[in-house]
Asker: 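Sharing a structure, written as C-alpha cells. Questions coming.
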Amino acid sequence: MAELGAGSLLTGDPAFNYQEHELNERLKRLYPAVNEEETPLPRSWSPKDKYSYIGLSQNNLRVHYKGHGKNHKDAASVRAIHPIPAACGIYYFEVKIVSKGRDGYMGIGLSAQGVNMNRLPGWDKHSYGYHGDDGHSFCSSGTGQPYGPTFTTGDVIGCCVNLINNTCFYTKNGQSLGVAFTDLPPNLYPTVGLQTPGEIVDANFGQQPFVFDIEDYMSEWRAKIHSMIARFPIGERLGDWQAVLQNMVSSYLVHHGYCATAMAFASATETMIQEDQTSIKNRQSIQKLVLAGRVGEAIDATQQLYPGLLEHNPNLLFMLKCRQFVEMVNGTDSEVRCFSVRSPKSQDSYLGSPNLSPRHGATNAHLHNTGADSPTCSNGVTPTNKNKSHNKYTGVSSASSSPSSSPSSVNYSESNSTDSTKSQPHSATSNQETSDSEMEIEAEHYSNGVTESSTRIMNGTYKHQEILQADDSSVGNGVADDSCSSRQLCGGNQAATERMIQFGRELQALSEQLCRQYGKNATHKKMLQSLRICPNSLHSCWLWVRPPSACS
Amino acid sequence: MMACLLEAPLRISVLSEVTATSRHYVDRLFDPDPQNVLQGVIDMKNAVIGNNRQKANLIVLGAVPRLLYLLQQSSSSLELRTECAVVLGSLAMGTENNIKSLVDCHIIPALLQGLLCSDLIFIEACLRCLRTVFISPVTPVQLLYTDPTVIPHLMSLLSRSQHTQEYITQIFAHCCKTPEHQTVLFNHGAIQNIAPLLISPSFKVRMQALKCFSVLAYENAQVSMTLVNVLVDGEQLSQVFVRMMQRDKPIEMQLTAAKCLTYMCRAGAIRTDDNCIVLKTLPCLVRMCSKERLLEERVEGAETLAYLMEPDIELQRIASVTDHLVSMLADYFKYPSSVSAITDIKRLDHDLKHAHELRQAAFKLYASLGSNDEDIRKKITETENMMDRIVSGLSESSIKVRLAAVRCLHSLSRSVQQLRTSFHDHAVWKPLMKLLQNAPDEVLVMASSTLCNLLLEFSPSKEPILESGVIELLCSLTQSDSPALRVNGIWALMNMAFQADQKVKVEIVRALGTEQLFRLLSDPDTNVLMKTLGLLRNLLSTRPHIDQVMSSHGKQIMQAVTLILEGEHSIEVKEQTLCILANIADGNTAKELIMTNDDMLQKIKYYMGHSNVKLQLAATFCISNLIWNEEDGSQERQDKLRDMGFVDILHKLTQASDPNLCDRAKTAMQHTPWWIEALMLWTPFGES
C-alpha cells in the first residue's frame, strides 16, 4: 500500500491518479454533507504547519522524525492541511506505524490551530493525543491517563472525532478502544507527533480503505438520529404539528429581533409572542450598537435596560470590554470617538461591499478562528491609504480589498445605520414593508461585519505568530514610521490614545479579578492574547496587554 | 375428555364465577344447525380476544374438547374448522394455565393433524396456534418429535407463505433444545430449507430463521461445518450473518447473528483469527455489554462473549482492550442502583430480577478474560472493588452467581502474583472454604480446583487453609463419585504435601488412610492415579520422612508399586512409579526394602533396558541411589548389584544415544558412588 504512494509525486503517474480518484470517491461517500469549496477536508499533512524536526514525504502523507530526540524538548508535531469540517458529523483518519524508531514516543491525535508544534499532541491546551509508548491518553495536559494498549511498528491507529457529541475514540488494528476525550472544541486538525529518531508513520485520510469499519459506526449514528427524529414527541391532537412549526418560526423572528415581522406573523397565525415588543426592540438596538462597533454604548444600554444582566454574567461583560478595547484602538468606540473628528456613521458607510463577503469565506479557510477575534473590527482607513510595509503580510486581502466599496453597498449601509438609531421610536407604526427591508439590511449588515478591513486583520493573524512577532519588534524598534502616520491609533488623537491605554489596564485588572473569583479561564486568556496581534495596536497595546502571568 | 376439566381443584373455585354468557357461548357449539355453530364460534372469537377471564371460563366449561372435535371433523366446513383454530389460538394466548389445559386436551396432535389439510388459511391458523403453544415454557418440547412425520411435513410447509415460514421457524427455534433435536432437524434438511429465509422480505421471518441457526449450531460441529459452506443468493452464510450484525440493524438481530458466528467458531467451523470473528463478532458482543443496552441484552452479550473467547488467548487480549470492556463490566454489579430504589418501583423490580443474572454474566466474562493472560488478570483485580465483589459473590444465595464467582476466582488464581497479593489481602480462602462445606458438585469442582492453586507452596494462604482443617475435607473429596472431584481432592493434597513439614505429611497419611490411598492407586481415572503417585512422591521426600513413612507403610507401598509396574499403565504412570522407587532408594533404612526384594530389582533392571528413555532414566536414578557409597553398607549393595549384572547394563547405557541417559550412566560408572539427582526431577504439580 505504501509503495502506491511512493513515487507518485509525478502528476502523470496512473497509480497516483487512481489513488486520488479513490480518495475523492471515499471522502464523498463518508462525508456527503461537506462542501469542500467552503470547508476542505484534510487530505495530507501540512508542509508549513509543522515543527522543523518533522520531515514529510510521499505526497505529504508520510511523516518521519529528523531531530536529535534527546528529550521531550525535541518533540515535534505536524498538523493536517485543513481542520476537520463540522459538517462531517463523524470524522475518521488512520495512522500506520511504519517504524517505532528508537523509543516509539509517538502521539496521535488532534490540535487546534496555533498550538505549539514543538510538542507531542495532548500536552497543551486544545491539544489531544494517544501515545504509543505507554498507551495513555493526554487531554491538554502533560500527564496522561491510562487509556489503551501501547502501540508500535506495524500497528494501525485510528482516530475518530464524533462532532455530534464532541467526543473522540481511537482504534487499534480495527478494534475500537472506547471514548478517550469528551467536550472537544471545534475546528481541530488531525495531528501526529514524534520524538525519537527513526520514527516513521503513514497517514490514511481516506486514500486507502480503513482497517476499522467506520462506515458501520456512522450507520449506527444515522440510525440513532433517524429514530430520535421519528420518536420526537409531538402531540397526537390535530393541529399540534402546526403549533410546533409556528412556534419555531415565531421564536426565530423574536430571537433575531425582527419585531414587525414577528407581530405580523403572530396576528396572521393568531398566536401570542412571549416577549414584550419593546424588549425585542431594545435588544435589536443593542445588537446594532455592537455591530457598529460602539460597544461602550452597547454596554451602557444593556446596563440601563437590563439591570443586573451583565453583573450576573461577568464573562459576557469581559468579552464586551475586550471588544470595546479593539474598537477603541481603531477609533470607533464612543469613549475615544468623542476625541475624534470623524463620526462613527461615516465610518459605517465605508464598510465593504456585501457581495464581497462570501469570497472571504472561500479564500480564507481560517475564517472561524480569526473571525472570532475581530469580526467587526472596522477601522476607518481606506484601502488606498494602506502602506506597503503592511501589504507584505496582508496577502490575499490586497486582491479583494481594491474593489471593496461598490456604490450599492454604501447605500445599504447608510440606510441601515440611520435605521439603527431611529427605528425604535416609531417602530410601532412602521408597516410591514419597512420592517421586512430592515430585516434584509440587518442580514446584509451582519455579513458586512466581515469586511475588507477585517479581512486584512485576519490575514495578519493567518500568518505564523513568529512572523508577526518579528514584525512587532521591527515596528517597535524601528520607531513609528510612515505606518503610524497613515494608520493612526484611535484616529491619531493623543488624549484618546491615553484613554485607550488606561482602558487596557482596566481590562487587565478585570481579567485578574475574574481569574481570582472564578479560577483560570482559557477563553479570557486567549482573548487577551488575541488583542496583542491586532495590527493597529502593534507597538503600543501589545506591550500593555501581555497575557496575564497571573492566569497562565 | 371430561377428565381434563375437573382434575385441577383450582378450577372449581372458578366455576362459581362462571357467568351465564360464557355458558351460552359453549351451548351454541352444540347447536344442531351448522350455520348457528359457525356463528357461535365467530361470536366466541370476538368475545375472548384480550379477555383472560372469559378464556378461563370457556376452558372450564369444556369449550376446548368441543372446538377440537369440530376442528377435526371432516364434515365441518373449512370455514368452521378455521374459526375453531383461531379461537383455540386465542385461548392459548392467555395464561400458562390455559396452555396447560389445551395441552392436556391433546391439542397438539389435533393441530398437527390439521396441517395435512390443503387449505392455506386453515394451515396458517393451526400453525399460529401451535406456535403459541410451543413457545410457552410449560409445553413439553418432546411433543414436536413424537410423530416422526411431523418435522418433514413442517419443512415442506416452509414454502407455502411468509406466515408458515414465520410460525414454523419460531417453533423450531424454541423446540431445539438437545443434540438429538439438532440432529433430527439437521437430517430433515433444516439448513437448506431455512437458509433462504435469511433474506426474506419479512423481518419476522429473517429474525426467526436466524434464531433457528443459533440453536442448531450451538455446540454442534456437524451443523456448524455445514453452515460455512452454505450459500444464500450466492453469498456465504457467514457473510450474511456479518451483515446482520451491522450497527444499524435491530439489536436483537445483531446479537443473534453474533451468537451464530460464535457457535460456528467454537465448533471449529470458523478460525478464531478470521476477520468476521475478530473485527465483527467480538466488537459486536462487546457493544452488547455497554450501558446503552437492555439488561437482558447485556447478560446475553456477556455470556456469549465469554463463550467465544474462552479457549483463545488472542481473543481475550483483544477483548480486554476493546471499548474499556473490563471497566464496563464493573457496572454490572451496580444493580439495583440506589436511584432506582427510590424513584421507580417498577424499575426496581426489573433491576432486582436481572441483578443476579448480570452479576453471574460479568463473573463469567471476567473468568474467560483472565483465563490465560497475566496482564489481563492484573487489570481485572485492579478494577474497582473486584476482589470484594468476588468474595461476596461466593456467598450469594443464587447458585448461578456462586458458581460464576468461583469460576472467576479460579481463573484469577492461576496467577502467581495474584495468589501472593490480592488473594491473600482479601482472605478469599475463607469464603471458599465455606463454599466447599455444602455445595452442589459443579460448584465443588470449581471451588476445589481453586483451592488446589491456593495450596501451592508459594501461596501465603496455604498456612491458614491448613489450619482450618482442610485435610479432612479434601480426603472426603477423594471418595466422591465424580472423577473431577477425586482428582481435585488428591491434587490439592499433593500440592499440600510438597516440601511440607513432617507433621503435615503424617496428618495427610492419617486422614486419608492407607486403604483409601491404595484404592486411589487403582482408580480407573488416570488423572487420579497420577496425582496419587505425585502425592506419594511428595510424601517420600527428604531422608527422614522417607524412612518414617516407609517404616510404617513400607509393605503396602512396595506392594502398590509392584502392582503398578506389572499392570497395564501409560509410560507417565510407570515413570512416576519408578521415581517413587528412586525416592525410596534414597532413604537410609528404606532402601533395604528394595535391596531385599530381588523381584523388584529385576523389575528395575528390566526398565533400565526399556525402549523408553524416560523409564530408563528413572530406573537408573533408582540404582544410583542404591549404590551411593557414602552410606553404611554401600559396599555390600554395590557387590550385590554387580552380581546381578547392573554394572554391565550401566556400561551399555554409556553408549546410549540420549545424552542425558548417557551422561548419567557415565557418571555412575566413573564414580561409583553415582551422582544422584532424583530430587531435581521434582516439579510442583500445581499448574495444569
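Letters go in sequence order (proteins before strands), and every chain restarts at 1.
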Asker: Check whether the side chains of A:T196 and A:D103 place a donor and an acceptor atom closer than 3.5 Å, and report yes or no.
Answerer: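 No pair is found: no donor N or O on one side chain lies under 3.5 Å from an acceptor on the other.
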Asker: Is B:L279 close to chain A through its backbone or its side chain, or both, or neither, when contacts mean heavy atoms under 4.5 Å?
Answerer: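 Looking at B:L279, backbone and side chain both touch chain A.
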Asker: Please classify the contact between B:Q254 and chain A as side chain, backbone, both or neither, with a heavy-atom cut-off of under 4.5 Å.
Answerer: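 Contact with chain A: none, neither part.
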Asker: Out of the candidates B:Q418, B:H424, B:R420, only one should pair with B:S422 under the side chain to side chain donor-acceptor pair (under 3.5 Å) rule; please name it.
Answerer: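 Among B:Q418, B:H424, B:R420, the one meeting side chain to side chain donor-acceptor pair (under 3.5 Å) with B:S422 is B:Q418.
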Asker: Measuring heavy-atom distances to chain B, does A:Y170 have an atom under 4.5 Å in its side chain, in its backbone, in both, or in neither?
Answerer: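 A:Y170 has no heavy atom closer than 4.5 Å to chain B.
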Asker: Do you see a donor-acceptor pair shorter than 3.5 Å between the side chains of B:Q316 and B:S368?
Answerer: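 B:S368 and B:Q316 do not have a side-chain donor-acceptor pair below 3.5 Å.
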Asker: One pair to check against salt bridge (Lys or Arg N to Asp or Glu O under 4.0 Å): B:K259 and B:E300. What are the steps and the verdict?
Answerer: CA-CA 9 Å; B:K259 277 173 146 179; B:E300 245 181 284; 2.4 Å; yes
Asker: Name the region of A:K172, side chain, backbone, both or neither, that has any atom closer than 4.5 Å to a heavy atom of chain B.
Answerer: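 For A:K172, neither part sits under 4.5 Å from chain B.
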Asker: Looking only at heavy atoms and a cut-off of under 4.5 Å, which of A:G135, A:P149, A:P146 has the most pairs with chain B?
Answerer: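 Max contact count across the listed options: A:P149.
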Asker: Looking at B:V286, B:N275, B:L282, B:V278, which has the largest count of heavy-atom pairs under 4.5 Å with chain A?
Answerer: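 The answer is B:V278.
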Asker: Contact part of A:Y147 toward chain B, heavy-atom cut-off under 4.5 Å: side chain, backbone, both or neither?
Answerer: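 It is both, since atoms from each part get that close.
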Asker: Quick one: what part of B:L325 sits under 4.5 Å from any heavy atom of chain A, side chain, backbone, both or neither?
Answerer: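 Neither part; nothing is under 4.5 Å.
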Asker: Are more than 12 heavy atoms, taken from residues, nucleotides or ligands other than B:R271, located less than 6.0 Å from that residue's CZ atom?
Answerer: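 No, CZ of B:R271 has 12 or fewer neighbouring heavy atoms, counting only those of other groups under 6.0 Å.
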Asker: Heavy-atom pairs under 4.5 Å with chain B: which of A:S227, A:S176, A:G174 has the most?
Answerer: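 If we count pairs closer than 4.5 Å to chain B, A:S176 comes out on top.
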Asker: Are B:D248 and A:K224 ion-paired here, with the side-chain N under 4.0 Å from a carboxylate O?
Answerer: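 Not counted as a salt bridge, because no side-chain N and carboxylate O are separated by less than 4.0 Å.
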